[in-house]
Protein chains: 2
Amino acid sequence: MSTRSKTASTQQEGENVENRGDYDPSSPTFRLENSPFYLMAHADFKYHEDMDKVLHKHGVSKPIYRVMTVLREHQPASIGTIAEAALTKRSTISRIIDRMIEQGLVSTESNPEDNRITEVTLTAAGQQTLRKLTPIVGRQFTRAMAGINNRDIAHLLRTLKKISDNLGKLPIE
Amino acid sequence: MSTRSKTASTQQEGENVENRGDYDPSSPTFRLENSPFYLMAHADFKYHEDMDKVLHKHGVSKPIYRVMTVLREHQPASIGTIAEAALTKRSTISRIIDRMIEQGLVSTESNPEDNRITEVTLTAAGQQTLRKLTPIVGRQFTRAMAGINNRDIAHLLRTLKKISDNLGKLPIE
DNA sequence: ATTAGCCGAATACATGTGTATTTGCACTGA
DNA sequence: TCAGTGCAAATACACATGTATTCGGCTAAT
């Protein structure tokens, strides 16, 4: 049975600020299981939890994988750029890059036009590793999205982007 | 302009497994900005980033707040139950509870029916703090959801729950 | 040309989390 | 009754992250 019978009947869908009912964490009828942000965290957690186990067998941690996916799109990239896209502090990325260099996944060189900037690039081995990992991640994605059609995914993306926009701009565009 | 013109035209919305186009991280046309999980992480990050600053002024960290929201629904709760609901390891929760005791936010007592279990309860001060924080969090939620109507939120929840279900059951139901 | 200020990255330090282990309690079967 | 097994929580240890600071290079004003 629905837990929002009362609120739903007193409010039509409109553009104005509405009673958010169970969704709003400040509502008395709020439940964690109906919280968008809790569910996002939960889905994200489960997605990465399973994936981490597999990735670790290939010597790749979650933060390292994140950096690699950023580099795949945007190469070379500075430490700062990577940090912004990977939602992590610069100092942390700096050290993650150190580890990745030790593993031979990336190489660095200072930007010739500005020696303060460290440009990071995937090595051939790094690209090779990423190619090996891609189908594994693809399977996990397919598993996560089973029974959800592309229209619903598109809807999900629109809503998530809207939320991100509301909270500030996306670091990478 | 749309980046999915090709794939969109060759595939109708259907129940069968489809070409996931830009959404699937193993697709050649994949882009991070169209990745559901990246966008979830991003939205969640922004949401908590802003909120943390405010919460810290009240002596409450993000993990502590998480524990409090779990306790609000489910009180008393064991360390293990809290850990599961808060997506955190038991050992970590155990130490978070220590800090919360020092701050007078919760009290503990061992379960009379099973002395291994530590039951955690919000103190009056803890409930007071939670009440004080609630409207702050409510405002952040409203800000995040601006321009998104309740039907879209309901749709979002359905999709997120479906994803969580696909990846394993929700710890709390 | 010099210097002050800014900015990107790297490092020192403190803290928080996870993994592995230990401790204490409960249940089961001999 | 009591040894053995299993579980919840707490603790020791290792490691990763964040904050604050330092180092070095760029830029603009004088």
Side-chain angles (χ1 to χ4, degrees), chain A residues 41 44-46 48-53 55-57 59-67 70-71 74 76-103 106-121 171, chain B residues 41 44-46 48-53 55-57 59-67 70-71 74 76-103 106-121 171:
Chain A
D44 191 64
F45 179 84
K46 284 288 181 188
H48 290 291
E49 184 186 40
D50 299 340
M51 214 165 56
D52 271 15
K53 290 173 191 161
L55 293 185
H56 266 287
K57 294 176 187 166
V60 173
S61 68
K62 185 168 67 184
I64 287 182
Y65 181 71
R66 238 186 204 169
V67 169
V70 171
L71 285 176
H74 211 67
S78 71
I79 301 281
T81 303
I82 297 171
E84 208 174 13
L87 308 173
T88 311
K89 292 285 171 280
R90 268 211 295 243
S91 57
T92 303
I93 295 293
S94 181
R95 282 167 299 201
I96 291 172
I97 297 298
D98 288 344
R99 291 175 234 156
M100 293 179 77
I101 291 173
E102 282 174 27
Q103 296 183 48
V106 296
S107 62
T108 58
E109 56 180 345
S110 48
N111 184 320
E113 294 178 2
D114 188 336
N115 269 309
R116 293 172 303 181
I117 298 173
T118 303
E119 300 282 8
V120 183
T121 315
Chain B
D44 191 65
F45 179 84
K46 284 287 181 187
H48 291 291
E49 184 186 41
D50 298 341
M51 214 164 57
D52 271 15
K53 290 173 189 161
L55 294 185
H56 266 288
K57 294 175 186 167
V60 174
S61 67
K62 184 167 69 184
I64 287 182
Y65 180 72
R66 240 188 203 167
V67 169
V70 172
L71 285 176
H74 210 68
S78 69
I79 302 281
T81 304
I82 298 170
E84 208 174 13
L87 308 174
T88 310
K89 292 284 169 280
R90 268 211 294 243
S91 58
T92 303
I93 295 294
S94 181
R95 283 168 299 201
I96 291 172
I97 297 298
D98 286 345
R99 291 175 233 155
M100 292 179 78
I101 292 173
E102 283 174 26
Q103 296 183 48
V106 296
S107 63
T108 58
E109 56 179 345
S110 46
N111 184 319
E113 295 178 2
D114 189 336
N115 269 310
R116 295 172 301 179
I117 297 173
T118 304
E119 301 282 7
V120 183
T121 314

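All heavy atoms count here, side chains included; hydrogens, waters and symmetry mates do not.
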Problem set entry | Which nucleotides of DNA chain C pair, in dot-bracket form (Watson-Crick or G-U under 3.5 Å, | meaning another strand) | ||||||||||||||||||||||||||||||
For this session: May I ask you to decide if B/I79's main-chain N or O and B/T81's side chain share a donor-acceptor pair within less than 3.5 Å?
Result: no
Measure the spacing between [atom1] of [X] and [atom2] of [Y] and express it to the nearest 0.5 Å.
| X | Y | atom1 | atom2 | result |
| --- | --- | --- | --- | --- |
| A/D50 | A/K53 | CG | NZ | 6.0 Å |
| B/E119 | B/S78 | CD | OG | 6.0 Å |
| A/I101 | A/S107 | CD1 | OG | 8.0 Å |

Exercise. Under the 3.5 Å rule, do the base of C/dT17 and the side chain of B/S91 count as making a donor-acceptor pair?
Worked result: no
Exercise. Got a donor-acceptor pair under 3.5 Å from the side chain of A/R90 to the base of D/dG18?
Worked result: no
For this session: Output the single nucleotide from D/dA9, D/dG18, D/dC13 whose closest atom is nearest the side chain of B/T118.
Result: D/dA9
Exercise. Of the nucleotides D/dT11, C/dA10, C/dT19, which has the atom closest to the B/K89 side chain?
Worked result: C/dT19
To the nearest angstrom, how far is [X] atom [atom1] from [N] atom [atom2]?
| X | N | atom1 | atom2 | value |
| --- | --- | --- | --- | --- |
| A/I96 | C/dA10 | CD1 | P | 13 Å |
| B/R99 | D/dA10 | CZ | P | 13 Å |
| B/I79 | C/dG24 | CD1 | P | 17 Å |
| A/I117 | C/dC6 | CD1 | P | 18 Å |
| B/K53 | D/dT19 | NZ | P | 10 Å |
| A/D98 | C/dA10 | CG | C1' | 8 Å |
| A/D114 | D/dG24 | CG | C1' | 11 Å |
| B/R95 | D/dC13 | CZ | C1' | 10 Å |

For this session: Inspect the surroundings of CD in A/E109 and state if more than 12 heavy atoms from other residues, nucleotides or ligands are less than 6.0 Å away.
Result: no
Exercise. For residues B/S94 and B/S91, is any side-chain donor paired with an opposing acceptor at under 3.5 Å?
Worked result: no
Exercise. Are a donor atom and an acceptor atom from the side chains of B/D44 and B/H48 found within less than 3.5 Å of each other?
Worked result: yes
Exercise. Under a 4.0 Å N-O cut-off, is there an ion pair linking B/R99 with B/E102?
Worked result: no
Exercise. So, do B/I96 and B/R66 sit near enough that their side-chain heavy atoms are less than 4.5 Å apart?
Worked result: no
For this session: Could you tell me whether the phosphate oxygens of D/dG24, OP1 or OP2, come under 4.0 Å of any side-chain nitrogen or oxygen in A/N115?
Result: no
Exercise. Distance check: side-chain N/O of B/T92 vs OP1/OP2 of C/dG18, anything under 4.0 Å?
Worked result: yes
For this session: Going 5' to 3' through nucleotides 1-6 of chain D, assign each nucleotide B (protein heavy atom under 4.0 Å from a base atom), S (under 4.0 Å only from sugar-phosphate atoms) or - (no protein heavy atom that close).
Result: -----B
For this session: Identify which one of B/T88, B/D98, B/V120 satisfies the side-chain contact (heavy atoms from CB on, under 4.5 Å) criterion when paired with B/I93.
Result: B/T88
Exercise. Which sits closer to the 5' end of DNA chain D, A/P63 or A/N111, going by the nucleotide each is nearest to?
Worked result: A/P63
Exercise. Reckon A/S61 touches a base, only the sugar-phosphate, or nothing at all at heavy-atom distances under 4.0 Å?
Worked result: nothing
Exercise. So what does B/S110 touch, heavy atoms closer than 4.0 Å: a base, only the sugar-phosphate, or nothing?
Worked result: nothing
